[in-house]
Structure formats: structure tokens, C-alpha cells
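Hydrogens, waters and symmetry mates are skipped; everything else that's a heavy atom, side chains included, is used. Order of appearance sets the numbers: ligands from 1, and atoms from 1 within every ligand. These numbers come from a predicted model, not from an experiment.
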Amino acid sequence: KTRVEKIDKAQMNMDIIDAAGQILRQGGLVAFPTETVYGLGANALDEEAARKTYAAKGRPSDNPLIVHIADLKDLYPITKGVPEKAVALAEKFWPGPLTMIFEKSEIVPHGTTGGLDTVAVRMPDDTVTLALIKAAGGYVSGPSANTSGRPSPTTAQHVLDDLDGKINMILDGGPVHIGVESTIVDMTVEPPMILRPGAVTKEMLEETVGEVSVDHTILTADSKTPPKAPGMKYRHYAPRAEMTVVEGSLEKVVDKISELAAAREREGHRTGIIATRETMDRYTSRNVKCIGTREDESTVAANLYAILRDFDDDGTEFIYSEAFASDGIGSAVMNRLLKAAGHHVINV
Ligand code: TXA
Ligand code: MG
């Protein structure tokens with residue numbers, strides 16, 4: 001049975017944090033809130049705990065975990081040196097939605113890194129989780145706390161829906177703020193390379209360290225080159241429905257989605273539409289969900305995974321979504337949408 005504990009960030013109950021830390025020290029699993037998505041915590045220096053993590057998620061064990069730390073000085077023991085640019089980025093963006101990849105030191109087991117000699121590290125911006133990491137001894141591995149293949153969890157309820165009975169505890173810190181996973185940057189190459197887009201954008205990184213490159217598989221459906229972050233190759237973030245993203249001028253997008261959805265509905269299929277505040281009332285279809293406003297795409301990021309889960313719960317068979325501009329947080333939104341759609345895009 002999974003124990004669920006509500007935690008008030010303003011008034012943390014340290015007895016609960018200590019109990020959770022104790023579970024992690026003993027090799028157990030505790031899900032925790034972060035500003036991006038909920039994570040599934042385990043002791044990152046314990047090979048057996050990593051094995052349990054993969055089993056609970058049903059995740060292929062060649063897909064490495066991110067190590068979460070609570071103190072910049074804790075970065076040094078788990079890496080073989082920290083490049084100057086990484087120090088600059090850590091000082092600027094930690095705690096926050098940025099994960100950096102380093103050469104790993106001997107103390108990090110290959111179980112945690114999916115067999116790689118590199119390790120991904122992040123300091124999350126959540127007071128509950130920073131306290132948990134300290135209580136656990138400093139190093140907590142944390143993949144997203146979903147069943148492998150399902151959309152990442154943005155509430156404690158999502159975690160419970162996927163992992164009830166499979167993990168020891170869930171710390172419920174309320175809904176997350178950002179809603180898409182952290183930006184991943186490989187610091188072992190020069191210039192540093194973005195492997196997964198997130199709330200820390202290329203422009204923000206470049207302001208601090210100059211040129212940054214981007215793994216080109218992020219927004220294209222190139223199936224010949226494998227993505228450099230092993231996890232990005234799986235069709236994850238995915239709803240059960242077959243999903244199509246429609247891009248082009250907004251007028252035409254609305255028309256096309258209406259037409260496609262109407263055709264599916266006539267065939268008797270459960271059909272859903274992902275619309276925005278700006279377009280919401282122009283659809284006549286039965287199952288239209290508003291994902292946020294185009295005036296602030298961070299609202300779209302915050303609602304994306306919950307909406308995909310809602311469609312799953314409704315038994316939706318076909319989803320049609322509007323596309324978004326791929327700049328700022330929009331590049332993370334489009335990356336996740338395109339993956340959820342298996343790169344099925346219609347341009348009008
Ligand atoms: O926002 C986040 O990063 C969340 C929260 C919980 O912190 N965590 C998260 O973890 O998204 P996960 O396991 O769902 O995604 C980790 C990604 C995977 O795509 C994995 O392949 C990549 O990071 N990754 C981890 N270590 C890596 C490494 N050494 N080299 C390349 N990619 C790595
Ligand atoms: Mg994940």
C-alpha cells in the first residue's frame with residue numbers, strides 16, 4: 001500500500017520529511033513534487049534502488065535517471081570535474097528546471113545511469129523536495145513518476161493513478177508549476193548541447209555561456225539518428241488515443257480540425273480536440289478541451305499532460321491538437337506534443 005502525505009510548503013512537517021528520507025536511505029521509493037513534474041525518488045547511489053525504480057515504472061533499464069541534489073557542492077563527488085560553463089549555469093538556474101550532463105565518478109552506479117559513463121544532475125526548485133534530498137543523504141534519482149509510456153504526472157493523484165501499490169510513499173505538494181520536464185544540456189561536449197527542451201530556453205542558456213547547440217532530433221521525426229538522450233527515443237508522453245497536430249494559420253487550423261473531428265465522430269469514434277482560449281468557442285464538436293492561452297504559452301505547458309490523461313480517462317480514440325510557436329517554452333510544448341502524436345502532423 002502506498003502512503004500519501006500532504007505537505008504544506010509554507011509549514012513543512014519535518015516528521016514526514018524525515019520518514020520519507022528514512023525510506024529512501026533504506027532503499028525504498030518515494031514520489032516527490034518538483035516545479036516541472038512529479039519525480040519517483042530513490043537513493044541514486046544504490047544500484048538495487050535503481051532496479052526497483054525501473055520495475056515500478058516498467059521502464060527499459062537503458063534509460064538513465066536524473067540525479068537530484070540540494071546543494072551545489074554535492075555536484076563534485078558524483079562527477080569527474082565540473083566545467084566552468086556548468087558552474088555559471090548552475091549559479092544562474094539552480095534550483096530550477098535545468099538538468100546538466102557530466103562525466104560520472106565511480107560512486108554513481110551504472111544502474112542509475114543506464115550503463116552510461118555520464119550522469120544527469122539537477123537541483124529542483126521545490127522546498128519540500130530539497131528537504132527530502134537532504135534527509136535522504138544528498139542524492140535522489142528521479143525519473144518522472146509515471147508508468148513508462150504514459151504522460152508525466154503533474155499532480156500527486158496522477159502518480160497514485162499510475163504507481164499505487166508499487167512505491168512506498170507519495171509526498172503531495174499540490175500541482176506543479178511548469179508542467180513539462182526540465183531542459184537537459186550535455187556539458188560534456190563543446191559547445192554544450194540541448195538534448196531536451198524545457199522551461200530554460202536556448203536563448204536563456206546562451207545569455208550565460210554563449211553558443212549552445214541543439215540535438216536536431218528534438219523537433220523532427222528523423223528516425224535514422226537516435227536522440228542523444230536515450231529516453232527521448234521512446235514514444236512517451238503519449239496518450240492512448242491516436243493524436244494529430246495541425247499547424248498553419250490559425251483560421252485554417254480551426255477549420256481543418258473541425259472537419260477531421262466531425263468525420264471521426266460520424267464514424268462513431270470518441271474524438272477530442274485540444275483548443276486554446278482564443279479558439280475554444282469556434283469548435284462545435286462535443287469534446288473540446290482548452291489547454292491555455294496563446295498569449296502565455298506557459299499556461300499550455302502547465303495543462304498539457306493533465307489534458308492528455310483526461311482524454312485517456314474518457315476513452316478518447318482520436319485527438320486533434322492545434323500547434324504552437326516553437327520559441328520560448330513553446331519549443332518544449334511542441335516537442336512533447338509532436339512526440340505524443342508520434343510526429344503525425346498536418347500542415348494547412
Ligand atoms: O524535470 C525533470 O527532469 C523530471 C523531474 C522529476 O526532475 N525528471 C525527468 O526524468 O524528466 P526522466 O527520467 O523522465 O527523464 C530523464 C531524461 C531521459 O530522457 C534520459 O534519457 C535523459 O534524461 N538522461 C538521463 N541521464 C542521461 C545521460 N547521462 N545522458 C543523456 N541523457 C540522459
Ligand atoms: Mg519521463
Engineer: Please could you name the atoms of ligand 1 that Ile66 approaches to less than 4.0 Å, counting only its heavy atoms?
Structural biologist: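 Matching atoms, with element in brackets: 3 (O), 8 (N), 9 (C), 10 (O), 16 (C).
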Engineer: Quick one: which of Gly39, Ala199, Gly142 has a heavy atom closest to atom 8 (N) of ligand 1?
Structural biologist: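 That would be Gly142.
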Engineer: Is there a donor-acceptor pair closer than 3.5 Å between any side-chain N or O of Lys57 and the backbone N or O of Ser144?
Structural biologist: yes
Engineer: So if I count the atoms of ligand 1 from 1 in the order they appear, which ones are less than 4.0 Å from some heavy atom of Arg59?
Structural biologist: 12 (P), 13 (O), 14 (O)
Engineer: Please assess Gln157 against Asp161 for the test side chain to side chain donor-acceptor pair (under 3.5 Å), listing each intermediate value before the final yes or no.
Structural biologist: CA-CA 6 Å; Gln157 184 61 48; Asp161 290 345; 2.8 Å; yes
Engineer: Kindly determine whether Thr299 and Arg277 satisfy side chain to side chain donor-acceptor pair (under 3.5 Å), including the steps that lead there.
Structural biologist: CA-CA 11 Å; Thr299 60; Arg277 201 177 68 193; over 6 Å; no
Engineer: My understanding is that we take every heavy atom of each candidate and find the minimum distance to atom 10 (O) of ligand 1. Doing that for Gly115, Ser148, Pro143, Ser182, which one comes out nearest?
Structural biologist: Pro143
Engineer: Show which atoms of ligand 1 fall inside a sub-4.0 Å distance from at least one heavy-atom site of Thr36.
Structural biologist: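 The atoms of ligand 1 under 4.0 Å from a heavy atom of Thr36 are 1 (O), 2 (C), 4 (C), 5 (C).
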Engineer: Under 2.8 Å from the Mg ion (ligand 2), is there an N/O/S atom belonging to Ser144?
Structural biologist: yes
Engineer: Tell me whether Glu47 contacts the main-chain N or O of Gly111 through its side chain, where contact means a donor paired with an acceptor under 3.5 Å.
Structural biologist: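 Answer holds: yes.
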Engineer: Evaluate the criterion side chain to side chain donor-acceptor pair (under 3.5 Å) for residue pair Arg196 and Ser182; output intermediate values, then yes/no.
Structural biologist: CA-CA 8 Å; Arg196 179 175 74 180; Ser182 61; 3.2 Å; yes
Engineer: Quick check: does any side chain N or O of Tyr139 sit under 3.5 Å from a backbone N or O of Asp74, one acting as donor and the other as acceptor?
Structural biologist: yes
Engineer: With heavy-atom distances below 4.0 Å as the criterion, list the atoms of ligand 1 near Lys228.
Structural biologist: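 Atoms satisfying the 4.0 Å criterion: 31 (C).
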Engineer: Given Leu195, Asn63, Thr118, Thr112, identify the one with the heavy atom nearest to atom 29 (N) of ligand 1.
Structural biologist: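 Checking each option, the heavy atom nearest atom 29 (N) of ligand 1 is found in Thr118.
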Engineer: Between Glu181 and Tyr305, do the side chains contain a donor N or O and an acceptor N or O under 3.5 Å apart?
Structural biologist: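 Checked: Tyr305/Glu181 side chains pair up, N/O donor to acceptor below 3.5 Å.
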Engineer: Using a strict 4.0 Å cut-off to heavy atoms of Ala120, name the atoms of ligand 1 that fall inside it.
Structural biologist: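 Ligand 1 atoms under the 4.0 Å threshold to Ala120: 25 (C), 26 (N), 27 (C).
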Engineer: Hey, which atoms in ligand 1 end up nearer than 4.0 Å to a heavy atom of His68?
Structural biologist: 5 (C), 6 (C), 7 (O)
Engineer: Would you say Thr113 contacts ligand 1, with heavy atoms under 4.0 Å as the rule?
Structural biologist: no
Engineer: Determine whether Ser152 and Arg336 satisfy the following criterion, side chain to side chain donor-acceptor pair (under 3.5 Å), listing intermediate values before the conclusion.
Structural biologist: CA-CA 10 Å; Ser152 291; Arg336 307 312 193 271; over 6 Å; no
Engineer: Counting only N and O atoms by type, is there a donor-acceptor contact under 3.5 Å from the side chain of Glu242 to the main-chain atoms of Phe318?
Structural biologist: no
Engineer: Which of the numbered atoms in ligand 1 are under 4.0 angstrom from any heavy atom belonging to Glu181?
Structural biologist: 1 (O), 2 (C), 11 (O)
Engineer: Taking atom 12 (P) of ligand 1 as the point of reference, which of Pro97, Ser144, Ala31, Ser152 owns the nearest heavy atom?
Structural biologist: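 Result: the heavy atom closest to atom 12 (P) of ligand 1 is in Ser144.
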Engineer: Does Lys104 come within less than 4.0 angstrom of ligand 1, counting non-hydrogen atoms of the residue?
Structural biologist: no
Engineer: Please answer whether the main-chain N or O of Ala42 pairs with a side-chain N or O of Ser141 as donor and acceptor at a distance below 3.5 Å.
Structural biologist: yes
Engineer: Enumerate the atoms of ligand 1 whose separation from the nearest heavy atom of Ile184 is less than 4.0 angstrom.
Structural biologist: 17 (C), 22 (C), 23 (O)
